[in-house]
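So the structure is just underneath, and the comments pick up after that.
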Protein chains: 2
Amino acid sequence: MSTLTISDKIYNQLSAQIISGEIKPGQKLEEQEIANQFGVSRTPIREAFRLLHTSGLVESKAHKGVTVIELDIDQLSDMYEALQELEALCARLSAERMTAVERKQIQRMHQLSEEAVHSEDVERFAELNNQIHTAIHQGSRNKTLQETIAKLRKRLSLYRQPWLFEKRNRLEASYREHAELVEAIIAGDRDQAFDAMRNHISNTSLGTIDYLISQKPL
Amino acid sequence: MSTLTISDKIYNQLSAQIISGEIKPGQKLEEQEIANQFGVSRTPIREAFRLLHTSGLVESKAHKGVTVIELDIDQLSDMYEALQELEALCARLSAERMTAVERKQIQRMHQLSEEAVHSEDVERFAELNNQIHTAIHQGSRNKTLQETIAKLRKRLSLYRQPWLFEKRNRLEASYREHAELVEAIIAGDRDQAFDAMRNHISNTSLGTIDYLISQKPL
DNA sequence: ACTTAGAGATTTGTACACAATAAAAAGCCG
DNA sequence: CGGCTTTTTATTGTGTACAAATCTCTAAGT
C-alpha cells in the first residue's frame with residue numbers, strides 16, 4: 001500500500017474535476033481559493049498544479065497562475081492527426097506481437113459490443129470501446145507509445161462530451177470499423193490493421209470536430 | 001523581455017547539466033544540496049524539479065526525491081520505434097505542406113552538409129542535421145507532433161554521446177539518406193519522404209543501440 | 001555470525017510569513 | 001473628457017520553520 005501525499009490526492013481530485021468538465025477549459029485555478037477549499041496550505045496545491053501541468057491538463061505562466069487548457073479547432077485537429085497515426089501504429093504492432101490469448105480477448109470484447117449496439121447502450125459501448133483500444137495499446141508492447149497516446153487521449157477527453165453525443169449516430173459505423181480492425185489483428189495482417197485503425201480514428205475525429213465547428217461558429 | 005523566475009533559471013541550468021552529461025542518468029538530485037549550490041532556498045528547487053519532471057528528464061517518487069531518468073535498451077528501443085514513425089509522418093506531411101521557400105531551405109542545408117561530410121566535420125554535420133530535422137518538424141504544420149518529437153529527442157539526447165561517436169562512421173550514409181529524403185520532399189512525394197525518413201531514423205537508432213549493447217554487456 | 005528491532009539522523013512534505021511581480025484603481029496633466 | 005502616470009491591491013514566488021517519512025547504523029537476540 002502506497003501512502004499518497006496530500007499533493008497527490010489533490011491532484012487526483014482536480015484532475016477528475018477537469019476531465020469531468022466540472023472545471024472548464026480556460027478557467028483559472030487560484031492557489032489560495034483551492035487551498036481553502038481543501039483546508040490545506042498553498043504549498044501542496046502548487047505541487048498538485050505541477051502534476052496537472054505534467055499531465056498537460058493545464059498551462060502555466062510565471063506570475064500568472066495556471067489555467068485549464070483550452071483547445072481550438074486547429075489544436076484538436078493536430079492532436080487527432082497525431083493520435084490517428086499513433087493508434088494505427090499500435091494496431092499494426094498488435095497484429096504482429098499480440099499473443100493468441102490477447103487476440104481472443106479483443107475478439108470477445110468486440111462480440112460483447114455487438115449487444116450494446118443492438119440495445120443502443122451508448123455507455124456500455126463506450127466502455128467496451130475503451131477496453132478494446134487499451135488492449136491494442138498494450139498489444140503494441142511499446143510503453144512510449146502507450147504513454148504518449150494516453151496523454152493525448154486524456155487531453156482530448158476534455159472535449160469528449162460532444163463525442164458521446166455524436167457517438168449515438170456512429171454506433172453501428174464504429175462497430176463495423178472495429179470488426180475490420182479486430183479481424184485484421186486476429187489474422188495478423190499488419191497493413192489492414194493499420195489502415196482499419198487509421199480509418200476508424202479518422203472518422204471518430206471528423207465527427208467530433210464537425211460537431212465542435214457547428215457548436216462554435218466563429 | 002520576460003523576467004525569468006529563479007525556478008526557471010535553475011531549471012535551465014539543471015536541464016543543461018543533465019543533457020550535457022554533467023549530471024548522469026540514475027543520479028539522485030537532493031534538494032538541500034542543490035539549494036546550497038545555487039544559494040537559494042529549497043522552494044524554487046522543488047519547482048525546478050517539477051519542470052524537469054514535466055520535461056521527462058527526471059522521475060520522482062513520494063518521499064524519495066527525484067533521479068535522472070535511466071533508460072535501458074528496451075526503453076530506448078521503444079522510444080526510437082515511436083520516434084521513427086513520428087518523424088516519418090512529419091516527413092510525409094512536409095512533402096505535402098511545405099512552402100517553396102521551405103523546400104529550398106532544406107535543400108540548402110543539405111548542400112552545406114555535403115561540405116561537412118568531405119571535411120569530416122562531425123560537429124558541423126550534427127548541427128546541420130539538427131536544422132534539417134527541425135525544419136521538417138515545422139514543415140508538418142502540426143504542433144502536437146513537434147512537441148512530442150522534441151520531448152522524445154530531449155530524453156534520448158542523454159544517450160547521444162555514443163551517437164556522436166558512431167556518427168563518424170555513418171557520416172556518408174547519413175548524407176545519402178538525407179539526399180533521398182530531401183529529394184522526396186522537394187518533389188512532393190509523400191510516400192518516398194515517409195519511407196526515406198523512416199529508414200534514416202531506423203539506421204540511426206540501430207547504430208546507437210548496437211553501440212550501447214556493446215558497451216553494456218548484460 | 002546473521003537477522004531484526006529500534007533510535008537517531010537525514011530527507012522530503014507541509015504550513016506560514018514575507019517579498020516581488022502583475023493587474024487594477026486612483027490621481028494627474030493635457 | 002481622455003490618456004498617461006502613480007498608487008494600491010491581489011496573486012504568485014521565495015524563505016524559513018516544523019512535521020512526517022525514510023534511511024542508516026547500532027545493538028540486542030536467536
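All heavy atoms count here, side chains included; hydrogens, waters and symmetry mates do not. All chains are named by letter (A, B, ...) in the order of the sequence lines, taking the proteins before the strands, and each is independently numbered beginning at 1. Since this is a predicted model, take the numbers as computed values, not measurements.
Taking 4.0 Å as the cut-off between side-chain N and carboxylate O, B:Arg50 and B:Glu47 do not count as a salt-bridged pair.
For B:Arg97, the CZ atom is densely surrounded, since the number of other residues' heavy atoms within 6.0 Å is greater than 12. Enclosure of atom NZ in B:Lys151 by more than 12 non-hydrogen atoms of other residues, nucleotides or ligands within 6.0 angstrom is indicated.
No donor-acceptor pair closer than 3.5 Å links the side chain of B:Thr5 to the backbone N or O of B:Asp8. Between the A:Ser94 side chain and the A:Ala91 main chain, no donor and acceptor come within less than 3.5 Å of each other. A donor-acceptor distance shorter than 3.5 angstrom exists from the side chain of B:Thr208 to the backbone of B:Thr204, with no hydrogens or angles considered. Between the side chain of B:Gln138 and the backbone N or O of B:Ala135, no donor-acceptor pair lies under 3.5 Å.
For residues 24-49 of chain B, proximity to DNA chain C is found at B:Lys28, B:Leu29, B:Glu30, B:Glu31, B:Arg42, B:Arg46, defined as any non-hydrogen atom under 4.0 angstrom from a strand atom.
With a heavy-atom cut-off of 4.0 Å to chain B, the contacted part of DNA chain D has its first and last nucleotide at D:dG13 to D:dC23.
The aromatic rings of B:His110 and B:His178 lie perpendicular to each other, with more than 60° between the two planes, well past the 30° mark. By the 30° and 60° cut-offs, the orientation of the rings of A:His200 relative to A:His133 is parallel.
For B:Asn36 and B:Gln32, the side-chain atoms include at least one donor-acceptor pair closer than 3.5 Å.
Atom CD1 of A:Ile10 is separated from atom C1' of C:dA15 by 13 Å (rounded to the nearest Å).
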Dump the pairs, protein N or O against N or O of nucleotides 21-23 of chain C, anything under 3.5 Å, distances to one decimal.
| unit_1 | atom_1 | unit_2 | atom_2 | d |
| --- | --- | --- | --- | --- |
| C:dA23 | OP1 | A:Lys64 | NZ | 3.3 |

